[in-house]
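Reviewing the structure listed below.
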Amino acid sequence: MRSSLFFYPTLKETPQEAQVASHRLMLRSGMITQVTSGIYSWLPLGLRVLKKIAQIVREEQDRAGSLEVLMPTIQPAELWERSGRYHDYGKEMLRIKDRHERDMLYGPTAEEVITEIFARFIKSYRDLPKRFYNIQWKFRDEIRPRFGIMRGREFLMKDNYSFDLTIEGAKASYQAMLEAYVRTFARMDLTAIPVRASSGAIGGNLSHEFQILAETGESEIFYDVDYEKLDVNTLTLDHLQTLYAASDELHDSQNCPVPLERLKTARGIEVGHVFYFGTKYSIPFNAYVMGPDGKQIPVEMGSYGIGVSRLVGAIIEAHHDERGIKWPESVAPFRVGLLNLNMKDAACSQLCEDIYLKLLQGGIDVLYDDRDMGPGAKFADMDLIGLPWQIIVGSRGVALGQCEVKNRRTDERVQLSIEDALKWML
RNA sequence: CGGGGUGUAGCGCAGCCUGGUAGCGCGCCUGGUUUGGGUCCAGGAUGUCGGGGGUUCAAAUCCUCUCACCCCGACCA
């Protein structure tokens, strides 16, 4: 993509409303723009990142044996009356009426919809276990939206729902999701700590929150240092349950099982939440299957959320410096930024064109800054939007047949011949 | 919802106290200049001063109602 044809309205100054780093940087790099309180439009640069994150989440959900569906954003109130949540959910639920004055709502989650789907079609234990997920926009009318898309009212969430015949089966599903989550966050260069949590409005008795360590996190968490050594490949639910991690309101320093020297404290951003809640929805929605003994059994359920749009902010919180964002390669909007420092120099521009075309041919996602601007502005913009690699071509280097390759995260720079630079990238 | 604050050009702000033709920086447009860390020079465009009502000869400025947004707290992916 050529910068001259792309659209990323970068800002030199920070809009006054933005306090936290991710919010500031998302606005300044032209990833998002606010429509109204807690509701944002995603501009091309931001959307690229959002899609990459969603794709990683999708791949790991699929790998864990889940099936993707797509459920509606608008749901009928009747469905929620059946679970009793139409009343319980309170003002966080956006309630609307259609032209027939029927009560509708913008879905904050989808237990009701998915359980009804399950109940409609699945009748036998032989079809279990099943796990369905979707990645869909949700709306929760938060008391106080803040931090940009980190606590928006409208947000993109992956929500997965598991259906098992037995409690043991449900725990296996739960564990599969825990493992998928650890793997998902690791792919985005995030250290996620599963913190034991109360299950809140969703109900049930087993629940973990996934917290990303970040200074600007909203909650304080206490955890065993061993959490930092978790290995995705050996992770088990039993092992997780032996480790201590708690949010500040749950943490009791008097009765903490972890000795002080192994207890760490940090700020966390909640990016995922997993629940086991048994038959809370299967009974009211008639989600029963016939068991091997010919008896009707209500299915054991769990649900598993990941805040996909929130992850964009969480990743920036974890990966930025004073100049801008430092994207992990897996979620970067482009892998390489190609800087033409002198558009008016024909040799320099010709060289950049060659490099650009070769990168494209090599399947490299590249943003070629071909705008007619001074070098300083180009450096500043490129550091701000935070692409992992920069290939810098100026008149100086052209004379020597060289360019500079810079790693945004480490700030390491090497002077390379054009051929070597291309080899480096490809 | 309780507490605090802000609305003036695309962004950041001054002007308001003490009423009198609406300003600055950045950005934007034109021309030139510069080209390895937000070049420099010249010229130019852009405002229902958040909205309604009131006081006044006169309101961005005073009064009043209202709307929106932000920050701190309790909730949440």
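Reckoned from all heavy atoms, side chains included, excluding hydrogens, waters and symmetry mates. Below, chain A is the first sequence line, B the second, and so on; all start at residue 1.
Residue pairs meeting the side-chain hydrogen bond (donor to acceptor under 3.5 Å, both in side chains) criterion with at least one member in residues 386-406 of chain A, sequence neighbours excluded: A/E329-A/W389, A/N342-A/S395, A/D345-A/S395, A/D383-A/Q390, A/D383-A/K406, A/E404-A/R413, A/E404-A/Q415. Within the structure, the side-chain hydrogen bond (donor to acceptor under 3.5 Å, both in side chains) test picks out the following pairs touching residues 9-20 of chain A (sequence neighbours left out): A/T10-A/D381.
Out of B/G36, B/C71, B/C76, the shortest distance to the side chain of A/R140 is found at B/C76. Nearest nucleotide to the side chain of A/Q34, out of B/C70, B/A77, B/G36: B/C70. Of the candidate nucleotides B/A77, B/G38, B/C72, B/G38 has the atom lying nearest to any side-chain atom of A/K12. Taking every side-chain heavy atom of A/F275 into account, B/A77 is the closest of B/A77, B/G36, B/C72. The side chain of A/T36 lies closest to B/C69, out of B/C69, B/G38, B/C76.
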Q.
Run the side chain to side chain donor-acceptor pair (under 3.5 Å) test on A/N134 and A/D159 for me, step by step, so that the C-alpha distance in whole Å, both residues' side-chain angles and the decisive distance to 0.1 Å come before the verdict.
A. CA-CA 6 Å; A/N134 78 164; A/D159 40 321; 2.7 Å; yes
Q: Could you walk me through whether A/Y86 and A/E78 pass side chain to side chain donor-acceptor pair (under 3.5 Å), step by step?
A: CA-CA 8 Å; A/Y86 192 64; A/E78 182 272 331; over 6 Å; no
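A donor and an acceptor atom, one from each side chain of A/H23 and A/R146, are nowhere located under 3.5 Å apart.
Using a 4.0 Å heavy-atom cutoff across all strands shown, A/R28 reaches at least one base atom of the nucleic acid. In this structure, A/G152 reaches the bases: a heavy-atom distance under 4.0 Å links it to at least one base atom across the strands shown. When heavy atoms are screened at a 4.0 angstrom cut-off, A/D383 is found touching base atoms of the nucleic acid. Within 4.0 Å (heavy atoms only), A/E142 reaches at least one base atom of the nucleic acid. At a threshold of 4.0 angstrom between heavy atoms, the contacts of A/K406 include nucleobase atoms, whether or not backbone atoms are also involved. In this structure, A/I392 reaches the bases: a heavy-atom distance under 4.0 Å links it to at least one base atom across the strands shown. Looking at heavy-atom distances under 4.0 Å, A/G305 makes no contact with the nucleic acid at all.
Atom-to-atom, CD of A/Q390 to P of B/G37 comes out at 14 Å; the value is rounded to the nearest Å. When the C1' atom of B/C70 is taken as reference, atom CG of A/L27 falls 13 Å away, rounded to whole Å. Between A/M373 atom CE and B/G38 atom P there is a gap of 12 Å when expressed in whole angstrom units. If you take CG of A/L190 and P of B/A77, they are 18 Å apart, rounded to a whole angstrom. Summarising the geometry, the separation between CD1 on A/I149 and P on B/C76 is reported as 20 Å, rounded to the nearest angstrom. Residue A/I53 contributes atom CD1, which lies 18 Å from atom P of B/A77 at whole-angstrom precision. In this structure, A/I143 places its CD1 atom 9 Å from P of B/C76, rounding to the nearest Å. Atom pair A/E154:CD and B/C76:C1' shows a separation of 16 Å (rounding to whole Å applied).
Side-chain nitrogen and oxygen atoms of A/R144 include at least one within less than 4.0 Å of the OP1 or OP2 phosphate oxygen of B/C72. For A/T14 and B/G12, the shortest distance from a side-chain N or O to OP1 or OP2 is not below 4.0 Å.
B/A60 and B/G44 are spaced 26 Å apart, taking the C1' atom of each and rounding to whole Å. If you take atom P in B/G7 and the same atom in B/C11, they sit 14 Å apart, rounded to whole Å. Separation of the P atoms belonging to B/C71 and B/G32 is 46 Å when rounded to the nearest angstrom. Rounded to whole Å, the separation between the C1' atoms of B/C24 and B/U18 comes to 23 Å. For B/G54 and B/C16, the P atoms lie 26 Å apart once the distance is rounded to whole Å. With both ends at atom P, the span from B/G4 to B/G19 equals 28 Å, rounded to whole Å. On the P atoms, B/C29 is 27 Å away from B/A22, given to the nearest whole Å. Remark: the separation of the P atoms in B/C17 and B/A74 is 39 Å, to the nearest Å.
Ring-plane geometry between A/Y181 and A/F185 is classed as perpendicular, the angle between the planes exceeding 60 degrees on a 0 to 90 degree scale with a lower cut at 30.
Residues A/K378 and A/G374 each lie close to RNA chain B; by heavy-atom proximity, the contact nearer the 5' end of the strand is made by A/G374. Mapped onto RNA chain B by nearest heavy atom, A/P15 and A/S395 fall at different nucleotides, with A/P15 at the one closer to the 5' end.
Under the Watson-Crick or G-U wobble criterion, with both distances below 3.5 Å, B/A42 is paired with B/U30. Pairing partner, B/C24: B/G12, with both Watson-Crick or wobble hydrogen-bond distances short of 3.5 Å.
A/R63 and A/R183 make their closest contact through NE-CD, 3.6 Å (heavy atoms, listed as atom of the first residue, atom of the second, distance). Heavy-atom minimum distance, A/I135 versus A/A54: CD1-O, 3.7 Å. Contact detail for A/I149 and A/S309: the closest heavy-atom pair is CD1-O, 3.1 Å.
Contacts with RNA chain B (heavy atom under 4.0 Å) in residues 319-357 of chain A: A/L341, A/N342, A/K344, listed by number.
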Would you tabulate the nitrogen or oxygen pairs shorter than 3.5 Å linking the protein to nucleotides 6-8 of chain B?
none

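Taking the six-membered ring for Trp and the full ring otherwise, A/Y40 and A/F155 have centroids separated by 6.0 Å or more.
Remark: the backbone N or O of A/L67 is not paired with any side-chain donor or acceptor of A/K130 at under 3.5 angstrom.
In this view, A/P108 and A/W80, A/Y89, A/M93, A/L105, A/R140 satisfy the side chain to side chain contact (heavy atoms under 4.5 Å, CB included) rule, not counting sequence neighbours.
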Return all side-chain donor-acceptor pairs below 3.5 angstrom for residues 354-361 of chain A, not counting sequence neighbours, or 'none' if the list is empty.
unit_1	atom_1	unit_2	atom_2	d
A/D354	OD1	A/Q350	NE2	3.3
A/Y356	OH	A/M1	N	3.0

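Side-chain atoms of A/E13 stay outside donor-acceptor range of the base of B/G27, with no qualifying N/O pair under 3.5 Å.
Applying the 5.5 angstrom centroid cut-off and the 30 degree plane-angle cut-off, the aromatic ring of A/F155 is stacked upon the base of B/A77.
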